[in-house]
**Q** 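Starting off with a structure, shown below.
Below, chain A is the first sequence line, B the second, and so on; all start at residue 1. All values below come from the heavy atoms of this structure, side chains included, with hydrogens, waters and symmetry mates left out.
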Number of protein chains: 2
Amino acid sequence: MNASAEPAYLKIKNELLNRIRQGELRPGDKIDHEEVMAKQFSCARATVHRAIRELAEEGFVERKRRAGTRVASAGTRSTRVTIPLVRQEIEARGASYRFKMLEQIKAVPTGMASAALGLDPKASALFLKSIHFADDTPFQLEERWINLDMVPQAADASFETINPNEWLVQTSPYSEAEHFFSAENADKEQSDLLGLNTGDALFVIERRTHLNGNAITYARLMHPGANYRMAAKNFSFSTKN
Amino acid sequence: MNASAEPAYLKIKNELLNRIRQGELRPGDKIDHEEVMAKQFSCARATVHRAIRELAEEGFVERKRRAGTRVASAGTRSTRVTIPLVRQEIEARGASYRFKMLEQIKAVPTGMASAALGLDPKASALFLKSIHFADDTPFQLEERWINLDMVPQAADASFETINPNEWLVQTSPYSEAEHFFSAENADKEQSDLLGLNTGDALFVIERRTHLNGNAITYARLMHPGANYRMAAKNFSFSTKN
DNA sequence: CAGTGGTCTAGACCACGCT
DNA sequence: GCGTGGTCTAGACCACTGG
């Protein structure tokens with residue numbers, strides 16, 4: 001808690017954050033240039049730069065070359081979420097992990113999956129359905145499409161001992177990932193597999209990965225809503241990290 | 001797409017990312033020290049530092065002083081999500097925003113709210129219930145507790161023209177925010193207010209903010225699952241930002 | 001075209017925490 | 001203790017873009 005223990009770039013960051021929060025700096029206001037602030041805080045421009053860059057990454061300010069830095073429209077908070085591997089998540093709860101493949105076929109994707117993969121409408125891909133257990137209680141139902149153009153080895157892969165996600169992580173690099181979170185009501189099949197009642201809320205994570213613009217995989221990870229909660233902590237200031 | 005246009009720190013980052021993804025560097029492996037890598041890449045240590053720092057922030061590697069930098073256990077992806085203000089979210093959809101206060105009373109919090117606020121079990125707080133509309137269609141049901149010890153002005157505030165969240169953002173700074181995402185089935189009251197059927201899936205965002213260890217507010221933001229989807233994009237490499 | 005942010009260098013000192 | 005990462009400086013050049 002020693003004041004001098006706090007790095008200079010955090011002091012600057014917090015100082016600006018306070019001014020923004022207390023309304024001294026309002027959305028749309030321009031803040032001082034890096035060079036000016038460096039003089040104000042008696043430090044190097046690089047130090048100021050880091051402070052403001054982090055504020056920009058966190059959505060508090062918007063930067064444009066030549067135009068300067070402005071306070072972003074209020075209230076847009078961004079936070080970091082971690083999407084863990086099922087196995088790790090289950091083992092972290094002190095349960096034993098087990099999974100079971102339910103389906104593994106080549107098929108032509110339809111609807112959401114088709115759109116997500118962005119393949120030729122007639123092209124087929126690998127479809128995998130599996131369920132993940134925590135101590136023999138269903139924890140996650142996984143439906144996954146894999147683009148065989150990008151990952152041809154998947155066609156002959158066996159998912160006896162390693163689950164599709166972990167196999168994919170080890171096999172195929174990706175350049176871009178998208179995640180979507182949503183809530184749905186379980187249909188008959190989903191609820192049967194997850195040991196729920198039809199209509200029970202599901203917490204759904206969708207993941208889509210690409211490599212250089214080509215889809216690698218699209219997955220839907222469905223969890224019983226009753227025992228799933230995704231957490232995100234965000235220290236806005238006065239802390240490291 | 002010009003290769004030379006890519007900053008050096010990103011080249012280093014992507015190079016390491018590729019090695020990790022292709023299994024050349026496996027979880028637990030130690031990677032070269034900053035100084036060594038600076039020589040390998042013929043650049044300053046600060047440049048290497050930035051590359052590795054970002055990898056650490058994104059969860060790909062773990063750093064410890066003296067012990068060095070190691071590849072994190074595979075697959076732990078972290079991504080940034082933005083939690084927008086309701087009003088902005090609704091207006092971004094091209095709809096007009098309107099909200100209505102349903103309840104505004106001083107009461108003793110119970111259950112989750114009590115735990116979240118961490119107040120004296122007998123202490124009362126301000127409870128607010130409101131609903132937010134997109135073009136007269138219910139979009140979000142909000143239940144919020146405000147700690148009056150920290151924000152005494154809330155007791156006399158009127159939420160006729162400004163909604164509780166926006167009022168709070170303008171009024172009270174905070175140092176720490178936590179968010180939780182989950183899926184629940186709507187009960188009778190919730191479904192009536194949101195224009196749904198009982199049992200329909202809700203996408204719930206819980207937000208808790210603190211200032212120096214003292215709770216400011218705890219809010220539950222409930223959305224009809226059928227038309228709510230929270231998105232997170234994450235460019236792992238080969239892109240800026 | 002000129003001002004702003006974005007990146008980079010070649011040093012330096014310090015704090016932490018393995019060994 | 002000592003090696004590692006964490007931070008910082010005082011410069012520099014460049015890229016973008018708004019005026």
**Q** In whole Å, what is the span from the CZ atom of A/Phe41 to the C1' atom of D/dT7?
**A** 17 Å
**Q** B/Arg65 CZ to C/dC16 P: how many Å, rounded?
**A** 6 Å
**Q** Starting at atom NE2 of B/His33, determine the distance to atom C1' of D/dG6, rounded to an integer number of angstrom.
**A** 15 Å
**Q** Rounded to the nearest Å, what distance is computed from the CZ atom of residue B/Arg50 to the P atom of nucleotide C/dG5?
**A** 15 Å
**Q** A quick test of your reading: do over 12 heavy atoms of other residues, nucleotides or ligands sit less than 6.0 Å from CD of A/Gln153?
**A** yes
**Q** Let's see if you can work this out: which of C/dG6, D/dG18, D/dT9 has an atom nearest to the side-chain heavy atoms of A/Arg66?
**A** D/dG18
**Q** Side chain of B/Cys43 only, heavy atoms from C-beta on: which candidate in D/dC8, C/dG5, C/dT9 is closest?
**A** C/dT9
**Q** Which of these nucleotides, C/dG5, C/dT7, C/dT9, is closest to any side-chain atom of B/Tyr9?
**A** C/dT7
**Q** Taking CZ from A/Arg45 and P from C/dC8, how many angstroms apart are they, rounded to a whole number?
**A** 13 Å
**Q** Take the protein atom NZ of B/Lys39 and the nucleotide atom C1' of C/dA10, then report the distance between them rounded to whole Å.
**A** 13 Å
**Q** Return the value, rounded to whole Å, for the distance between atom CZ of A/Arg70 and atom P of D/dG18.
**A** 11 Å
**Q** Is the number of heavy atoms from other residues, nucleotides or ligands under 6.0 Å of B/Glu91 CD greater than 12?
**A** yes
**Q** Distance under 6.0 Å and angle within 45° of the ring axis: does A/Arg208 meet both against A/Tyr218?
**A** no
**Q** Pick one: which of A/His49, A/Arg50, A/Arg53 meets side chain to side chain donor-acceptor pair (under 3.5 Å) with A/Tyr9?
**A** A/Arg50
**Q** Just call it for A/Arg53: base, sugar-phosphate, or nothing, with non-hydrogen atoms closer than 4.0 Å on any strand.
**A** nothing
**Q** On DNA chain D, check which nucleotide each of B/Glu35 and A/Val48 is closest to and give me the residue with the more 5' one.
**A** B/Glu35
**Q** Take A/Tyr228 and A/Phe203, measure what ring pair (Phe, Tyr, Trp, His ring centres under 6.0 Å) needs, and give me the verdict at the end.
**A** CA-CA 7 Å; A/Tyr228 198 86; A/Phe203 187 86; 5.3 Å; yes
**Q** With the side chain of B/Thr69 defined as its heavy atoms from C-beta on, choose the nearest nucleotide among C/dC18, C/dT9, D/dG5.
**A** D/dG5
**Q** Does a nitrogen or oxygen in the side chain of A/Thr47 sit under 4.0 Å from OP1 or OP2 of D/dT9?
**A** yes
**Q** A/Ala67 or A/Ala44: which one's nearest nucleotide on DNA chain D is closer to the 5' end?
**A** A/Ala44
**Q** B/His49 has an atom NE2; how far is it from atom P of D/dT9, in whole Å?
**A** 14 Å
